[in-house]
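Notes follow the structure.
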Amino acid sequence: MNQSFIINQLAEDRENYFNAVAPPIIQTSNFAYPTVDEFIAAITNEKDQHIYTRGNNPTVNMLCKKMAALEGAEDCLMLGSGSAAITDAVVSQVNAGDHIVSVKDPYSWATHLMTKILPRFDVQATFVDGTRTENFENACTDKTKLIYLESPNSWTFELQDLEAIANFAKQKGITTIVDNSYCTALCQRPIDLGIDLVIYSATKYYNGHSDVVAGAICGSEDKITKIFHNEFMTFGNILAPQNAWLMLRSLRTLPIRLKQSSETTLKVIEFLENSAKVESIWYPFTDNNPQIDLARKQMKMPMGMFTIALKTRDVRSIKKFCETLKYFLIAVSWGGHESLIMPKCAFVGENDPQVSMIRFYIGLEEADVLIDDLKQSLEQV
Ligand SMILES: *Cc1c(COP(=O)(O)O)cnc(C)c1O
């Protein structure tokens with residue numbers, strides 16, 4: 001199945017809605033049955049039936065089918081946030097007494113889940129530097145049931161060798177999960193590399209318009225069905241039909257948005273690399289990244305997020321730089337049409353060695369416009 005077919009044709013059912021090109025929003029909480037027997041047949045197999053929108057909804061299911069196909073996964077569940085996807089996926093794989101090995105500094109709420117919530121249920125996690133596969137092997141004990149990955153991870157964009165980690169995890173019977181939000185399936189295909197569950201903050205690139213919070217879990221039919229009947233139905237963090245519809249619309253332009261964001265990012269980075277005000281840049285595809293070979297092997301596109309450190313450590317100058325940028329909004333999140341910055345000085349003290357770090361997300365503006373903006377703002381530092 002090619003990408004265009006998945007995005008434009010797969011799971012569309014146009015004869016059933018007046019041959020409308022855009023699908024309808026099936027805004028309903030429940031579905032009626034003509035006979036008791038048909039109702040009984042449906043409720044014995046809720047995963048495949050429309051009974052209640054907490055389980056299935058046609059608009060949401062259309063999106064799930066497209067997401068699974070893009071991923072090369074057998075099945076997909078859409079959720080109300082990336083954090084819900086992380087929670088459902090991780091909780092589904094562990095019992096009291098189990099151990100998780102996680103890449104260090106995963107997404108902040110994944111860290112919270114593994115350090116604050118799961119220990120209350122006697123599930124412990126060890127965090128390792130993910131740039132060396134041996135670190136995962138060495139941290140595994142006979143209680144380890146799950147390896148949690150995020151490649152690349154936020155702020156410093158370190159990669160993990162997904163294929164190597166999946167190989168050894170399979171031998172030991174350990175489940176692997178990767179947060180693939182940075183890449184999307186168009187850039188990195190973890191299932192093809194042997195990873196069991198791929199999770200997303202679909203709020204980011206997949207939705208791409210800064211107007212929906214959403215999450216996804218992709219994996220085998222067996223694993224997804226188990227999650228559906230347990231965590232998914234119980235925690236109930238569903239994606240509303242209206243938001244699924246907005247995401248279907250977003251998918252139509254996903255390839256072109258990723259291409260634009262990636263191309264502009266390379267131009268912006270080239271400019272920043274030559275700026276005397278910039279000390280360092282963290283990005284998978286800079287020539288001095290020690291993991292560039294792995295990035296080239298594992299990722300098909302460079303993508304649009306990176307971090308810089310300014311040379312100055314003076315917080316007033318750092319703030320001035322951020323505030324004089326006209327096209328970069330100061331905001332959390334990323335993956336939308338608009339360029340963003342997130343300054344580390346919002347999270348750490350004035351004397352912290354990381355105080356001058358600023359995370360950039362490059363949206364869909366013209367490269368020249370962004371570079372001119374950076375130029376005028378760097379002059380003020
Ligand atoms: C934003 C983000 C999340 C959380 O997703 P939400 O949709 O905000 O709940 C998880 N992982 C990564 C890498 C993210 O950037």
Side-chain angles (χ1 to χ4, degrees), residues 60 63 67 71 76-91 100 102-117 125 127 130 148-160 162 176-188 190 195 197-218 231-232 235-240 243-244 246-247 250 257-258 261 265 282-284 298-299 303-307 329 331-336 338-342 344 346-347 357-363:
V60 180
L63 175 62
M67 292 288 287
E71 197 65 48
C76 166
L77 293 170
M78 291 304 302
L79 297 100
S81 73
S83 201
I86 293 168
T87 304
D88 281 18
V90 169
V91 169
I100 301 170
S102 170
V103 64
K104 80 168 157 60
D105 300 329
Y107 180 70
S108 53
W109 294 101
T111 306
H112 191 90
L113 173 69
M114 290 187 270
T115 58
K116 297 287 194 295
I117 295 179
F127 295 85
Y148 186 89
L149 307 168
E150 184 183 325
S151 182
N153 59 337
S154 298
W155 283 105
T156 45
F157 307 101
E158 282 115 358
L159 276 64
Q160 298 110 61
L162 299 182
T176 45
I177 295 181
V178 65
D179 181 337
N180 202 34
S181 303
Y182 181 89
C183 290
T184 79
L186 272 52
C187 165
Q188 178 165 277
I195 297 291
L197 290 171
V198 184
I199 55 184
Y200 287 103
S201 170
T203 313
K204 312 295 166 52
Y205 270 133
Y206 274 110
N207 182 60
H209 292 71
S210 304
D211 51 12
V212 172
V213 175
I217 309 175
C218 300
E231 293 76 17
F232 184 80
F235 295 154
N237 287 309
I238 63 160
L239 186 66
N243 282 346
L246 283 166
M247 284 213 51
S250 293
R257 286 188 285 108
L258 297 188
S261 175
T265 301
W282 291 267
Y283 184 59
Q298 211 164 255
M299 298 168 63
M303 313 308 282
M305 199 156 60
F306 61 90
T307 299
L329 307 179
V332 298
S333 198
W334 52 275
E338 76 291 8
S339 290
L340 302 172
I341 49 169
M342 191 148 87
K344 194 88 184 182
F347 305 96
M357 285 168 80
I358 300 168
R359 192 181 79 184
F360 279 75
Y361 164 71
I362 302 298

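We count ligands from 1, going down the list as the structure has it; atoms in each ligand are counted the same way. These numbers were taken from a predicted model, which means no experiment stands behind them.
Taking only nitrogen or oxygen atoms, main chain and side chain alike, V213 does not reach within less than 3.5 Å of ligand 1. At least one N or O atom of D179 sits closer than 3.5 Å to an N or O atom of ligand 1.
Residue F157 forms a ring-ring contact (aromatic ring centres under 6.0 Å, His included) with just one option from F306, Y182, W282, and that option is Y182. Partner S151 forms a side chain to side chain contact (heavy atoms under 4.5 Å, CB included) with one of I195, D179, L159, V103 and no other, that one being L159. None of I86, N153, I199 except one satisfies the side chain to side chain contact (heavy atoms under 4.5 Å, CB included) rule with Y107; the exception is I86.
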| said: For T265 and Y283: C-alpha separation, side-chain torsions, deciding distance, then whether side-chain hydrogen bond (donor to acceptor under 3.5 Å, both in side chains) applies. | reply: CA-CA 10 Å; T265 301; Y283 184 59; 4.9 Å; no
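At distances below 3.5 Å, at least one donor-acceptor pair connects side-chain atoms of T115 with backbone N or O atoms of T111.
Summary of contacts: the protein heavy atom closest to atom 9 (O) of ligand 1 is S83 N, 2.8 Å. Of the protein's non-hydrogen atoms, K204 NZ, 2.9 Å is the one closest to atom 14 (C) of ligand 1.
Atoms of ligand 1 lying under 4.0 Å from any heavy atom of E150, numbered from 1 in the order shown and given with element: 13 (C). Against a heavy-atom cut-off of under 4.0 Å, T203 is close to the following atoms of ligand 1: 6 (P), 7 (O). Close contacts of ligand 1 with G82, meaning ligand atoms under 4.0 Å from a residue heavy atom, involve 5 (O), 6 (P), 7 (O), 9 (O).
Evaluated by nearest non-hydrogen atom to atom 4 (C) of ligand 1, the leading choice among Y361, W334, Y107, Y200 is Y107.
A distance below 6.0 Å separates the ring centres of Y205 and W334.
For the ligand labelled ligand 1, residue A214 lies inside the 4.0 Å heavy-atom shell.
Of all heavy-atom pairs spanning N207 and R257, the tightest one is O-NH2, 3.9 Å.
Residue contacts with ligand 1 for A202 are absent, since no atom lies close enough (heavy atoms, distance under 4.0 Å).
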